[in-house]
Student: 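Quick one: structure below, then a few questions.
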Amino acid sequence: MSTAIVIRLVFWSWFAVAVLVGQQRLLQRLPLPAAPGIALALTALLLIGYFCLTALREWVHRLDLRGLVLVHVSRLIGIYFLPLYARGELPYAFAVPGGIGDIIVALCALLVVFLPVGYERRQHLIYIWNVVGFIDIMLIVATAAYFSFTGSTQMRPLTRLPLSLLPTFLVPLIISTHIVIFARIARARAVTTTIAR
C-alpha cells in the first residue's frame with residue numbers, strides 16, 4: 001500500500017473519530033481543560049509524525065504549498081462564533097477577536113493563493129500570511145485554554161458538534177500546517193541560497 005493511501009486512510013479515520021466524539025458528546029464528560037489539552041496533544045502527534053517519519057515528511061513536501069494554505073479556508077468557521085457570542089453562548093474575548101481573526105486569515109489565504117503574482121512574491125506573501133495566521137490561532141488557543149482552566153461554562157459549545165471538531169481535528173491541523181509551511185519556506189530558501197553560491 002502506498003504512503004499516500006495510508007496517509008489518506010489515517011486522515012479520514014481521524015476525521016471520522018472526531019465526528020463520532022462530537023456526536024456522542026464525549027468531551028462533555030471530561031473536565032473543561034481537556035479540550036485544549038486534546039488539541040495540543042494531537043498537534044504534537046502530527047508534528048512528531050512530520051519531523052520523525054521520513055515517508056510522511058516527503059509526502060507533505062510533494063504537496064503544493066498553496067494546498068496547505070487553502071486548508072485554512074476552513075477558518076471561516078469563525079463566522080459561526082459571532083452569533084454564538086450574540087446569544088451569550090461564547091465569551092466575547094474568545095468569539096469576537098477569534099472569529100474576526102479567523103475570518104480575515106481565511107480570506108487572506110484565498111488572496112495569497114489566487115493573486116496573480118510570481119513565485120518569489122507569492123512565497124513572500126505566504127510567509128507574511130503564515131506569521132499572522134499562526135499568531136492568530138495561538139491567541140485563540142490560549143484564550144480558549146484560559147476560559148477552560150477558569151471553569152467558564154461559556155466554552156461548552158466546543159464540546160458538541162460542530163465546534164467539537166475544533167479541538168479534536170481542525171485546530172491541530174491548522175497549527176501543524178502553519179509549522180509545516182514555515183519549514184517548507186525555510187527549506188526552499190536554504191536550497192535557493194545554496195544554488196546562489
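Values below: all heavy atoms of this structure, side chains included; hydrogens, waters and symmetry mates excluded.
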Student: Scan residues 127-136 for pairs that pass salt bridge (charged side-chain N to carboxylate O under 4.0 Å, His left out), counting only residues two or more places apart or in two chains.
Tutor: R75-D136
Student: Considering residues at least two apart in sequence or located in another chain, which fulfil the side-chain contact (heavy atoms from CB on, under 4.5 Å) criterion with A16?
Tutor: none
Student: Taking salt bridge (charged side-chain N to carboxylate O under 4.0 Å, His left out) as the cut-off, I'd like each qualifying pair that reaches into residues 35-64, sequence neighbours left out, listed once.
Tutor: D64-R66
Student: Name all residues meeting the side-chain contact (heavy atoms from CB on, under 4.5 Å) criterion together with L53; count only those two or more places apart in sequence or in a different chain, and write none if there are none.
Tutor: L56
Student: By the ring-ring contact (aromatic ring centres under 6.0 Å, His included) test, which pairs, at least two apart or in different chains, include something from residues 26-78?
Tutor: Y50-H61, H72-W129, H72-H178
Student: Scan residues 100-127 for pairs that pass ring-ring contact (aromatic ring centres under 6.0 Å, His included), counting only residues two or more places apart or in two chains.
Tutor: Y127-F182
Student: Taking only residues at least two apart or on different chains, which pairs with a member in residues 157-183 satisfy salt bridge (charged side-chain N to carboxylate O under 4.0 Å, His left out)?
Tutor: E89-R160
Student: Which pairs, with at least one residue in residues 27-47 and sequence neighbours excluded, count as a ring-ring contact (aromatic ring centres under 6.0 Å, His included)?
Tutor: none
Student: Which residue pairs pass the ring-ring contact (aromatic ring centres under 6.0 Å, His included) test with at least one member in residues 141-162, sequence neighbours excluded?
Tutor: none
Student: Distance-only check: which donor-acceptor pairs under 3.5 Å involve side-chain atoms of residues 93-100, not counting sequence neighbours?
Tutor:
none

Student: Check residues 105-113 and write down every donor-acceptor pair under 3.5 Å in which the side-chain atom is one partner and the other belongs to a residue at least two apart or another chain.
Tutor:
none

Student: Who are the side-chain contact (heavy atoms from CB on, under 4.5 Å) partners of F15, not counting sequence neighbours?
Tutor: W12, V19, L165, F169
